[in-house]
Amino acid sequence: MELRQLEYFVAVTEEASFTRAAARLHVAQPGVSAQIRQLERELGQPLLDRSGRTVRLTEAGELVLPYARAALAAVHGARRSVDELTGLLRGHVTIGTFDWVAALDLPGMLADFHRDHPNVEITVVQHDSATLAGELRAGRVDLAFLSVGDEPPEGLATEVVFEQDLIAAAARDHPLSGRATVPLRALAEHALISLPRGTGVRAVLDRACAAAGLRPRVAFEAAEPPVLAELAARGLGVAVVPASAVEAFAADLHVLPIVRPRLRGRVVLAWRAEGPRSPAARALTARARRD
């Protein structure tokens with residue numbers, strides 16, 4: 001029985017898929033399947049039920065899983081202890097970010113960290129903020145930049161990186177172009193263009209509308225605020241975006257501060273408030289907080 005076999009078994013169990021487990025482990029799927037079959041031969045029992053659309057544990061697999069996790073945790077703990085004793089920083093860190101984070105110099109920060117700690121492998125993943133928060137809680141991401149509203153994500157420690165107002169942006173010939181500001185109630189009367197659910201900007205908009213008893217009509221969704229601004233410039237609706245997202249389309253847009261209430265979004269750095277974290281993850285979090 002090899003540690004690699006246990007690692008593959010745990011990954012397939014958590015992902016409920018050989019394909020997703022292989023992608024997570026950065027190995028080919030046939031290699032994952034072969035190692036788990038070898039583990040099953042050594043134990044004399046099938047550990048995974050492969051007959052359905054998702055992979056499930058057999059009764060034997062249920063019994064083996066906690067021992068596999070304990071064995072991997074013991075090895076990782078031993079490695080961390082020796083690394084801390086010798087002052088050597090190595091390992092693997094996964095950092096998450098939402099798609100639109102141009103205001104952060106993430107490549108520069110990671111380049112500086114790699115220069116100081118070349119033995120640490122870093123994976124960058126991109127998801128919406130709600131998904132990233134779940135990945136942080138599950139321990140599959142070590143730290144992440146999230147777009148949030150006023151309330152920090154539950155169960156996570158956060159530090160505000162920057163915040164800015166959300167504004168309404170419409171084409172120059174839109175009915176709102178004669179106004180200097182727009183109350184939320186008046187804004188909700190028009191077709192809106194917004195980020196999808198799961199993003200911090202959308203959460204701010206939805207919560208504000210719900211508190212005011214409004215049901216806005218979101219006609220278009222896109223994953224990046226600059227795309228929303230371009231759609232608005234083409235007359236497809238009123239975009240609700242961070243103020244910095246409209247700079248490239250300023251000549252084609254009429255920008256209105258949203259009032260009563262004022263809407264404001266934040267970008268935070270987030271990490272697990274509790275639970276074990278590797279020295280490499282702690283070091284990268286400290287660097288990100290400092291930078």
Side-chain angles (χ1 to χ4, degrees), residues 96-103 126-134 144-154 156 158 160-268 270:
T97 180
F98 56 97
D99 290 338
W100 185 75
V101 67
Q126 287 187 318
H127 291 294
D128 62 75
S129 293
T131 299
L132 286 174
F145 291 100
L146 309 179
S147 173
V148 301
D150 296 331
E151 300 178 3
E154 185 178 353
L156 299 176
T158 61
V160 176
V161 178
F162 66 87
E163 55 185 330
Q164 59 181 315
D165 287 334
L166 304 186
I167 54 90
R172 292 286 181 180
D173 58 353
H174 191 275
L176 289 178
S177 62
R179 306 185 65 134
T181 63
V182 58
L184 182 64
R185 186 167 296 277
L187 178 66
E189 296 174 356
H190 298 272
L192 302 183
I193 306 172
S194 176
L195 292 166
R197 296 186 188 278
T199 60
V201 169
R202 181 63 175 271
V204 171
L205 175 63
D206 286 348
R207 278 200 297 268
C209 288
L214 303 174
R215 300 185 64 180
R217 179 169 65 90
V218 177
F220 289 90
E221 292 182 346
E224 298 186 7
V227 176
L228 304 182
E230 184 174 6
L231 292 173
R234 293 179 179 271
L236 297 178
V238 183
V240 179
V241 291
S244 61
V246 300
E247 295 173 356
F249 305 94
D252 303 313
L253 288 170
H254 179 67
V255 175
L256 304 95
I258 301 171
V259 297
R260 300 196 299 273
R262 175 187 179 193
L263 304 186
R264 197 160 178 81
R266 295 177 175 177
V267 172
V268 301

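For V182, the side chain to side chain contact (heavy atoms under 4.5 Å, CB included) partners at least two apart in sequence or on another chain are A168, L176, A186, L187, L256, I258. In this view, R217 and A191, A219 satisfy the side chain to side chain contact (heavy atoms under 4.5 Å, CB included) rule, not counting sequence neighbours. Taking the side chain to side chain contact (heavy atoms under 4.5 Å, CB included) definition, one finds that R262 meets it with D165, R264, sequence neighbours left out.
Residues in residues 183-211 take part in these ring pair (Phe, Tyr, Trp, His ring centres under 6.0 Å) pairs, two or more places apart or across chains: H174-H190. Applying the ring pair (Phe, Tyr, Trp, His ring centres under 6.0 Å) rule to pairs touching residues 224-245 yields nothing, sequence neighbours excluded.
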Let me check something: any side-chain donor-acceptor pairs from residues 198-209 under 3.5 Å, sequence neighbours excluded? List them with distances.
residue, atom, partner, partner atom, Å
T199, OG1, P196, O, 2.7
T199, OG1, R202, N, 3.4
R202, NE, D206, OD1, 3.2
R202, NE, D206, OD2, 3.3
R202, NH1, L195, O, 2.9
R202, NH1, E221, OE2, 2.8
D206, OD2, R197, NH1, 2.8

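Rounding to the nearest 0.5 angstrom, the gap separating the CG atom in L231 from the CZ atom in F220 is 6.5 Å. In this structure, the separation between CG on L253 and CD on E230 is 10.0 Å, given to the nearest 0.5 Å.
Looking at heavy atoms from C-beta onward, I193 lies out of side-chain contact with V240 at the 4.5 angstrom threshold.
Counting all heavy atoms, side chain and backbone alike, L192 lies closest to P216 at CD1-CB, 3.7 Å. The shortest heavy-atom contact between A171 and S177 is O-CB, 4.1 Å. Shortest non-hydrogen contact noted between F145 and L132 is O-CD1, 3.9 Å. Of all heavy-atom pairs spanning A222 and V227, the tightest one is CB-CG1, 3.7 Å. Nearest heavy-atom pair, L146 versus F98, reported as atom, atom and distance to 0.1 Å: C-CE2, 3.7 Å. Closest approach of A169 to V246, counting heavy atoms only: CB-CG1, 3.9 Å.
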Working note: I167 + V241, criterion side-chain contact (heavy atoms from CB on, under 4.5 Å); need CA distance, chi angles, decisive distance, verdict.
CA-CA 6 Å; I167 54 90; V241 291; 3.7 Å; yes

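Side-chain atoms of H254 come within 3.5 Å of backbone atoms of R179 as a donor-acceptor pair (strictly under, hydrogens ignored). Side-chain atoms of R185 never come within 3.5 Å of backbone atoms of R260 as a donor-acceptor pair (strictly under, hydrogens ignored).
In the displayed structure, R234 atom CZ is contacted under 6.0 Å by at most 12 heavy atoms of other residues, nucleotides or ligands.
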